[in-house]
K.L.:
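Mind looking over this structure? Questions follow.
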Amino acid sequence: MNIDTTTKSPEAAAVPPPGAASPKKRAPQGHRRLLTRRDRITLGLMAGVPTVLHVILVWFTALASIALAFTTWDGIGFGSIKWVGLQNFKELFSSNPQFWPAVEHNVIWFVVLILIPTPVGLFLAVQLDKKIRFSRVYQTAFFLPVVVSMAVIGFVWQLVYNPDTGLINSLIGANKPGHYIDWIGDPNLNLWAILVAASWRHTGYMMILYLAGLKGVDPALREASALDGANEWQTFKNVVFPTLRPTNTVVLVVTIIESLRAFDLVFVFNKGAQGTELLSILVTNNIIGESSRIGYGSAIAVVLLVISLVVIIPYLVATFRKERRA
């Protein structure tokens, strides 16, 4: 018997004999599907439902308000919507006795917030940044009004301003008959009284923003300033404060937005009557008031939106440019 002792080459061994079934190829590991159909549905719902709600509650309502600003509508049936063009805006700017006082009050609101609670918040942040004892307790105490509802703050300050049993009148002896000071009912006092309550809350907000900015200041800058013989005030004015420029921009934008969206405190105090008119109050009174004028109220809302965009758009442009440069 002859035995075939010839060795087969690796190439020949790798070729299967004719008629033999070729081995099954394994799918590469990287092509495996990591998500099942159930996972994709779950992720779709998690991303889709918030997106749909955001589009409906934010974008759709905003665009609908802009469209309704050029119409008249009493809110009863869509068939009663009538196109009037710029008539609402003409009436708003020329014949509404409350519009320009409301604009003036919003400007006063901004000026007071930028001149009083903002510097006070910066001062508190500088003091707390020195790592004094019980700094966490102080931060909590000053920031507490920020996390409390504006409506609750309004009710608390109503008790403070009460002409009969209020804290202020009791301290100055103005709680006796004939000597009452009506802080809420007097048109010459109520706006300033509300601004005191707004400033009390805004101070804690500014303190936290500036405190976050101070934490980002390089300690080497302060050490170099101290080696040059600068005192604490000179170091803050010439070294620390210039580095807070991004924080100052955020503070300015936040303060403008807060002054434009002011509503809760005024509505709780006296619903925007007797010298406390604001643009947000006029929007509410015209849309859900006794005589519903949704088109007219939407026109006021559009004016408020335009003023807000004038502030927000330059801030966003500057921010995006800075990110591109970085």
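Values in this document were obtained by computation on a predicted structure and should not be read as measured data. Heavy atoms only: backbone and side chains are in, while hydrogens, waters and symmetry mates are out. Starting from 1, each residue takes its place in the sequence as its number.
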K.L.:
Angle class for the Y138/F142 ring planes (parallel below 30°, perpendicular above 60°, tilted otherwise)?
P.N.:
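Rings of Y138 and F142: tilted, 30 to 60°.
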K.L.:
State, yes or no, whether a side-chain contact exists between F110 and L260 at a heavy-atom distance under 4.5 Å.
P.N.:
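They are not in side-chain contact.
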K.L.:
Is the number of heavy atoms from other residues, nucleotides or ligands under 6.0 Å of K215 NZ greater than 12?
P.N.:
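More than 12 within 6.0 Å, yes.
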K.L.:
Distance only, no hydrogens: is a donor on one side chain within 3.5 Å (strictly under) of an acceptor on the other, for S225 and D228?
P.N.:
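The answer is no; no qualifying pair exists.
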K.L.:
Between I281 and F263, is the side-chain contact (heavy atoms from CB on, under 4.5 Å) condition met? List the steps.
P.N.:
CA-CA 6 Å; I281 296 292; F263 173 80; 3.5 Å; yes
K.L.:
Minimum heavy-atom separation for T247 and G213, please, with both atom names.
P.N.:
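That would be OG1-CA, 3.6 Å.
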K.L.:
Measuring from atom OH of Y205 to atom OH of Y210, what distance do you get when rounded to the nearest 0.5 angstrom?
P.N.:
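Between Y205 OH and Y210 OH, I get 12.5 Å after rounding to 0.5 Å.
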K.L.:
Output, in order, the C-alpha distance, side-chain angles, deciding distance and verdict of side chain to side chain donor-acceptor pair (under 3.5 Å) for N169 and Y161.
P.N.:
CA-CA 7 Å; N169 281 2; Y161 287 132; over 6 Å; no
K.L.:
Please find the pair of heavy atoms, one from S298 and one from S65, that lie closest to each other, and give the distance.
P.N.:
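Residues S298 and S65, closest heavy atoms: CB-O, 3.3 Å.
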K.L.:
Run the side-chain contact (heavy atoms from CB on, under 4.5 Å) test on I168 and I181 for me, step by step, so that the C-alpha distance in whole Å, both residues' side-chain angles and the decisive distance to 0.1 Å come before the verdict.
P.N.:
CA-CA 9 Å; I168 296 179; I181 297 179; over 6 Å; no
K.L.:
Ignoring hydrogens and geometry, is there a side-chain-to-backbone donor-acceptor pair from N106 to L279 under 3.5 Å?
P.N.:
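Looks like yes, one N/O pair under 3.5 Å.
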K.L.:
Please check: side-chain N/O of E91 versus main-chain N/O of N88, any donor-acceptor pairing under 3.5 Å?
P.N.:
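No, because the side chain of E91 does not come within donor-acceptor range (under 3.5 Å) of the backbone of N88.
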K.L.:
Report the residue from L122, D129, L128 that forms a side chain to side chain contact (heavy atoms under 4.5 Å, CB included) with V126.
P.N.:
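Exactly one pass, corresponding to L122.
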K.L.:
Does V120 reach the side chain of L124, with side-chain heavy atoms less than 4.5 Å apart?
P.N.:
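SC-SC contact between V120 and L124 confirmed.
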K.L.:
Mind listing the closest non-hydrogen atom pair of P145 and W200 along with its distance?
P.N.:
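Shortest heavy-atom separation between P145 and W200 comes out as CG-CZ2, 3.6 Å.
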K.L.:
Do L195 and I116 have side chains that approach each other closer than 4.5 Å (heavy atoms only, starting at C-beta)?
P.N.:
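Of all side-chain heavy-atom pairs linking I116 with L195, none is under 4.5 Å.
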K.L.:
I would like to know whether H202 and T118 meet side-chain contact (heavy atoms from CB on, under 4.5 Å); could you show each step before the answer?
P.N.:
CA-CA 8 Å; H202 198 69; T118 299; 4.3 Å; yes
K.L.:
Measuring only between side-chain heavy atoms, which start at C-beta, is I108 closer than 4.5 Å to W192?
P.N.:
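Sidechains of W192 and I108: in contact.
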K.L.:
Output yes when a side-chain donor or acceptor of N238 lies under 3.5 Å from a complementary backbone atom of Q234, and no otherwise.
P.N.:
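Checked: pair present.
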K.L.:
Looking at CD1 of I194 and CG of L278, how far apart are the two atoms once the value is rounded to the nearest 0.5 Å?
P.N.:
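Between I194 CD1 and L278 CG, I get 8.0 Å after rounding to 0.5 Å.
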K.L.:
Hey, could you give me the CZ/CG distance between F99 and L92, rounded to the nearest 0.5 Å?
P.N.:
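Result: 4.5 Å between the selected atoms.
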K.L.:
Ignoring hydrogens and angles, tell me if any N or O in the side chain of H105 forms a donor-acceptor pair with the backbone of E277 under 3.5 Å.
P.N.:
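Between the backbone of E277 and the side chain of H105 there is a qualifying donor-acceptor contact (under 3.5 Å).
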K.L.:
State, with a plain yes or no, whether a side-chain heavy atom of V160 is found less than 4.5 Å away from one of W183.
P.N.:
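V160 does not reach W183 side chain to side chain.
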K.L.:
Only one of T71, T72, N96 forms a side-chain hydrogen bond (donor to acceptor under 3.5 Å, both in side chains) with Y296, so which one is it?
P.N.:
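Only one of T71, T72, N96 forms a side-chain hydrogen bond (donor to acceptor under 3.5 Å, both in side chains) with Y296, namely N96.
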K.L.:
Can you see which heavy atom on S259 is nearest to which on W109, and at what distance?
P.N.:
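Closest heavy-atom pair between S259 and W109: CA-CD1, 3.6 Å.
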K.L.:
May I ask you to test the V196-W157 pair for a side-chain heavy-atom distance under 4.5 Å?
P.N.:
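Yes; the side chains approach each other to less than 4.5 Å.
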K.L.:
Between CZ of R201 and CG of L265, what distance do you get to the nearest 0.5 Å?
P.N.:
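Between R201 CZ and L265 CG, I get 8.0 Å after rounding to 0.5 Å.
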K.L.:
Between S80 and D74, do the side chains contain a donor N or O and an acceptor N or O under 3.5 Å apart?
P.N.:
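There is such a pair (donor and acceptor under 3.5 Å, judged by atom type) between the side chains of D74 and S80.
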K.L.:
Has W100 got a side-chain atom pairing as donor or acceptor with S94's backbone, closer than 3.5 angstrom?
P.N.:
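No; judged by distance alone, with no hydrogens or angles, the pair does not exist.
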K.L.:
Looking at T165, is its backbone amide N or carbonyl O close enough to the side chain of N162 to form a donor-acceptor pair, meaning the two atoms are under 3.5 Å apart?
P.N.:
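Such a contact is found between N162 side chain and T165 backbone.
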K.L.:
Should M206 and L209 count as side-chain neighbours, where that means a heavy-atom distance under 4.5 Å?
P.N.:
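Yes, at least one pair of side-chain atoms sits under 4.5 Å.
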K.L.:
Under the side-chain contact (heavy atoms from CB on, under 4.5 Å) rule, what do V146 and I208 come out as? Steps first, then yes or no, please.
P.N.:
CA-CA 10 Å; V146 182; I208 290 298; over 6 Å; no
K.L.:
For F241 and F236, take the angle between the two ring planes, folded into 0 to 90°, and tell me which bin it lands in: parallel under 30, tilted 30 to 60, perpendicular over 60.
P.N.:
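It falls in the tilted class, 30° to 60°.
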K.L.:
Determine the minimum heavy-atom distance between M207 and Q139, stating which atoms define it.
P.N.:
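Shortest heavy-atom separation between M207 and Q139 comes out as CE-O, 3.8 Å.
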K.L.:
Do V311 and I257 have side chains that get closer than 4.5 Å, going by heavy atoms?
P.N.:
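They are not in side-chain contact.
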K.L.:
If you round to the nearest 0.5 Å, how far is CD of Q158 from CG of N270?
P.N.:
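Separation between the atoms: 9.0 Å.
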K.L.:
Does H54 reach the main-chain N or O of P50 with its side chain, forming a donor-acceptor pair under 3.5 Å?
P.N.:
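Not at all, since once roles are kept as given, no pair shorter than 3.5 Å links the two residues.
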K.L.:
Any chance you could measure I114, atom CD1, to L252, atom CG, to the nearest 0.5 Å?
P.N.:
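Reported value, rounded in 0.5 Å steps: 5.5 Å.
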K.L.:
Is it the case that atom CZ in F93 sees more than 12 heavy atoms from other parts of the structure closer than 6.0 Å?
P.N.:
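Yes, enclosed.
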K.L.:
Are the side chain of W73 and the backbone of G77 linked by a donor-acceptor contact shorter than 3.5 Å?
P.N.:
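Yes, the answer is positive, given that a donor and an acceptor are paired below the 3.5 Å cut-off.
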K.L.:
Which heavy-atom pair separates N190 from A273 by the least distance, and what is that distance?
P.N.:
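The pair with the smallest heavy-atom distance is ND2-O, 4.1 Å.
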K.L.:
When you measure from the side chain of S170 to the backbone of G166, do you find a donor-acceptor pair of N or O atoms at a distance under 3.5 Å?
P.N.:
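Checking the backbone N and O of G166 against the side chain of S170, a donor-acceptor pair under 3.5 Å is found.
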